[in-house]
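Heads up: the structure comes next, in structure tokens.
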Amino acid sequence: MPMVDGEPGHPVVLEAGLAQVLRATGASLRQWRRTQPAAVYAWPAPNRHPVDDLDTPADLDRLRARTGQAWELPASGQTLSPPAPQTGSMAAATPPDSHRPRESHP
């Protein structure tokens with residue numbers, strides 16, 4: 001898991017059976033990590049992204065204060081617009097339907 005100033009972040013990568021163990025025992029990942037420190041591999045993150053949660057209005061206020069930017073959440077029910085279509089040589093080289101499987105004919 002990535003670490004930022006000693007704070008664990010996301011994403012967390014688990015061995016295949018660990019999620020089953022956690023579900024079976026009811027333990028949280030945080031509880032397991034505290035009891036199994038030798039089994040945890042942590043790497044330093046190059047920025048705060050792995051630990052920046054936006055779960056509450058206070059989280060958003062802290063992000064604004066730290067970055068100096070006026071972050072706003074979308075209004076309820078509002079969706080983000082899709083990205084603009086690509087232009088240029090890459091778009092011309094990749095037809096829009098190229099990701100669809102080709103039909104086979106008997």
Which atom pairs, one a donor and one an acceptor, fall under 3.5 Å between side chains of residues 56-70 and the rest of the protein, sequence neighbours left out?
| from | atom 1 | to | atom 2 | distance (Å) |
| --- | --- | --- | --- | --- |
| T56 | OG1 | A58 | N | 3.4 |
| T56 | OG1 | D59 | N | 3.1 |
| T56 | OG1 | D59 | OD2 | 3.4 |
| D59 | OD1 | R62 | NH2 | 2.3 |
| D59 | OD2 | D55 | N | 2.9 |
| D59 | OD2 | T56 | N | 3.1 |
| D61 | OD1 | R64 | NH1 | 2.7 |
| R64 | NE | W71 | O | 2.8 |
| R64 | NH2 | W71 | O | 3.0 |
| R64 | NH2 | E72 | OE2 | 3.4 |
| R66 | NH2 | D52 | OD1 | 2.9 |
| R66 | NH2 | D52 | OD2 | 2.5 |
| T67 | OG1 | L63 | O | 2.8 |
| T67 | OG1 | Q69 | N | 3.3 |
| T67 | OG1 | W71 | NE1 | 3.0 |

Donor-acceptor contacts under 3.5 Å from residues 14-29 side chains, at least two apart:
| from | atom 1 | to | atom 2 | distance (Å) |
| --- | --- | --- | --- | --- |
| T25 | OG1 | V21 | O | 3.0 |
| T25 | OG1 | L22 | O | 3.4 |
| T25 | OG1 | A27 | N | 3.3 |
| S28 | OG | R30 | N | 3.4 |
| S28 | OG | Q31 | N | 3.0 |
| S28 | OG | Q31 | OE1 | 3.4 |

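By the side chain to side chain contact (heavy atoms under 4.5 Å, CB included) test, V4 pairs with A45, R48, P50, V51, sequence neighbours left out. Residues passing the side chain to side chain contact (heavy atoms under 4.5 Å, CB included) test with A39 are W32, Q36, sequence neighbours excluded. H49 pairs by the side-chain hydrogen bond (donor to acceptor under 3.5 Å, both in side chains) definition with N47, not counting sequence neighbours.
Across P8 and M1, no two heavy atoms sit closer than the pair CB-SD, 3.2 Å.
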